[in-house]
Amino acid sequence: MAEKTNTDAGAKRFAFPRWANYFLPLAVLAVLGGALYAPTFVYFGFSPKTTWANYAPQQPVPYSHALHAGQLGIDCRYCHSTVEKAAYAAIPPTQTCMNCHTNIKYESPKLAVVRASYQTGEPVKWKKIHALADYAYFNHSAHVNKGVGCYSCHGRIDQMEVVQQVKPLSMGWCLECHRNPELNLRPLDKITVMDWKSDDQQKQGLELKKQYGIRDVAYMTSCYTCHR
């Protein structure tokens, strides 16, 4: 019989071919890359910069909601007049501002852009703050007319010198409310009252949910409800 060579004996000691050795550095790189990618993804994916929470852009006119909605008590619907009948909360035209400011602080330097808009007919270029993705359907009137107050989504607007987004407006955040809407329901005459609180939100919310005819959780969490 022919004797086994050292080469044949050495080859049989390995379970994998030699070229499999190249997978080791690739595996190390994959682990190191994943260790860097995961925290980076979480940091940027859930940061306020991504969800836009705390977004507060500088507007062309230094309009104070703390003064107008807070101290002066102007109802939200005076300026955002479409919230009860349309999907969008309309930005007030310059004429709405001038209804007051033709007689109040007309010469104020802060109103220079408003006066120019009034004289030329060019609208003030306000910056949108609360913006949903195009694939998400949201209707202001459907919420306002079913007892969801301005506070639930916008926070204490009546205390803001500069309006900022205080809620993430994410899918998960919306679903929390759609699963338990009673936690955010209030009487219709309290929709724009920012500091309103119920003595028993759970109990009153369930009563209002029935009164308003809000649908069951299956419909409220259906994909079609928000993605049409």
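Scope of the values below: all heavy atoms of this structure, side chains included, with no hydrogens, waters or symmetry mates.
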Is there a donor-acceptor contact under 3.5 Å from the side chain of [X] to the main chain of [Y]?
| X | Y | value |
| --- | --- | --- |
| Ser222 | Ala218 | no |
| Arg228 | Cys223 | no |
| Thr96 | Pro92 | no |
| Gln204 | Ser198 | no |
| Thr221 | Val217 | yes |
| Gln71 | His65 | no |
| Gln164 | Val166 | no |
| His154 | Cys150 | no |

Which heavy-atom pair separates [X] from [Y] by the least distance, and what is that distance?
| X | Y | result |
| --- | --- | --- |
| Glu161 | Ala66 | OE2-CB, 3.7 Å |
| Cys153 | Lys167 | O-CG, 3.3 Å |
| Cys97 | Val114 | CB-CG1, 4.1 Å |
| Glu182 | Gln201 | O-NE2, 2.8 Å |
| His80 | Ala90 | ND1-O, 3.0 Å |
| Leu208 | Pro187 | CD1-N, 3.8 Å |

Quiz item: Which other residues belong to the hydrophobic cluster containing Leu183, where Ile, Leu, Val, Met, Phe, Trp and Tyr are joined when side-chain heavy atoms lie under 4.5 Å apart, directly or via other members?
Solution: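 For Leu183, no cluster forms, as it stays isolated from other hydrophobic side chains.
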Quiz prompt | For Ser81, side chain to side chain donor-acceptor pair (under 3.5 Å) partners two or more places apart | solution = none
Quiz item: Of all residues at least two apart in sequence or in a different chain, which pass the side chain to side chain donor-acceptor pair (under 3.5 Å) check with Asn99?
Solution: Tyr78, Gln95
May I ask you to test the [X]-[Y] pair for a side-chain heavy-atom distance under 4.5 Å?
| X | Y | result |
| --- | --- | --- |
| Cys226 | Phe138 | no |
| Cys100 | Lys105 | no |
| Val83 | Cys76 | no |
| Arg186 | Tyr151 | yes |

Quiz item: Would the number of heavy atoms belonging to other residues, nucleotides or ligands and lying under 6.0 Å from OH of Tyr63 be above 12?
Solution: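 Check passes, neighbour count above 12.
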Quiz item: Around Tyr118, counting heavy atoms of other residues, nucleotides and ligands shown, do more than 12 lie under 6.0 Å from its OH?
Solution: no
Point-to-point distance, once rounded to the nearest 0.5 Å, from [atom1] of [X] to [atom2] of [Y]:
| X | Y | atom1 | atom2 | answer |
| --- | --- | --- | --- | --- |
| Lys146 | Ser141 | NZ | OG | 10.5 Å |
| Leu67 | Ile74 | CG | CD1 | 7.5 Å |
| Asn180 | Met220 | CG | CE | 10.0 Å |
| Gln165 | Lys128 | CD | NZ | 10.5 Å |
| Leu185 | Ile191 | CG | CD1 | 8.5 Å |
| Ser152 | His143 | OG | NE2 | 10.0 Å |

Quiz prompt | Residue pair Leu188, Asn145: steps toward the side-chain contact (heavy atoms from CB on, under 4.5 Å) verdict | solution = CA-CA 7 Å; Leu188 295 182; Asn145 291 319; 5.5 Å; no
Practice problem: Scan for ring-ring contact (aromatic ring centres under 6.0 Å, His included) pairs involving residues 158-210, sequence neighbours excluded, and state none if there are none. | Solution: none
Exercise. Mind jotting down which residue pairs meet the ring-ring contact (aromatic ring centres under 6.0 Å, His included) criterion with at least one end in residues 84-110? Sequence neighbours excluded, please.
Key: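 Matches after skipping sequence neighbours: none remain.
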Quiz prompt | Cation over ring face, Arg215 and Tyr219, 6.0 Å, 45° | solution = yes
Quiz prompt | Any side-chain donor near an acceptor of the partner, Ser117 and Glu122, under 3.5 Å | solution = no
Do [X] and [Y] share a hydrophobic cluster (ILVMFWY, side-chain heavy atoms under 4.5 Å, transitive)?
| X | Y | value |
| --- | --- | --- |
| Leu111 | Val113 | yes |
| Ile129 | Val124 | no |
| Leu132 | Met171 | no |

Exercise. Dump the intermediate steps for side-chain contact (heavy atoms from CB on, under 4.5 Å) on His130 and Val163, then the final yes or no.
Key: CA-CA 10 Å; His130 301 83; Val163 173; 4.2 Å; yes
Self-check item: Set of salt bridge (charged side-chain N to carboxylate O under 4.0 Å, His left out) partners for Arg77, sequence neighbours left out
Solution: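 Asp75, Glu84.
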Practice problem: Could you tell me if the ring centre of His227 sits under 6.0 Å from that of Tyr137? | Solution: no
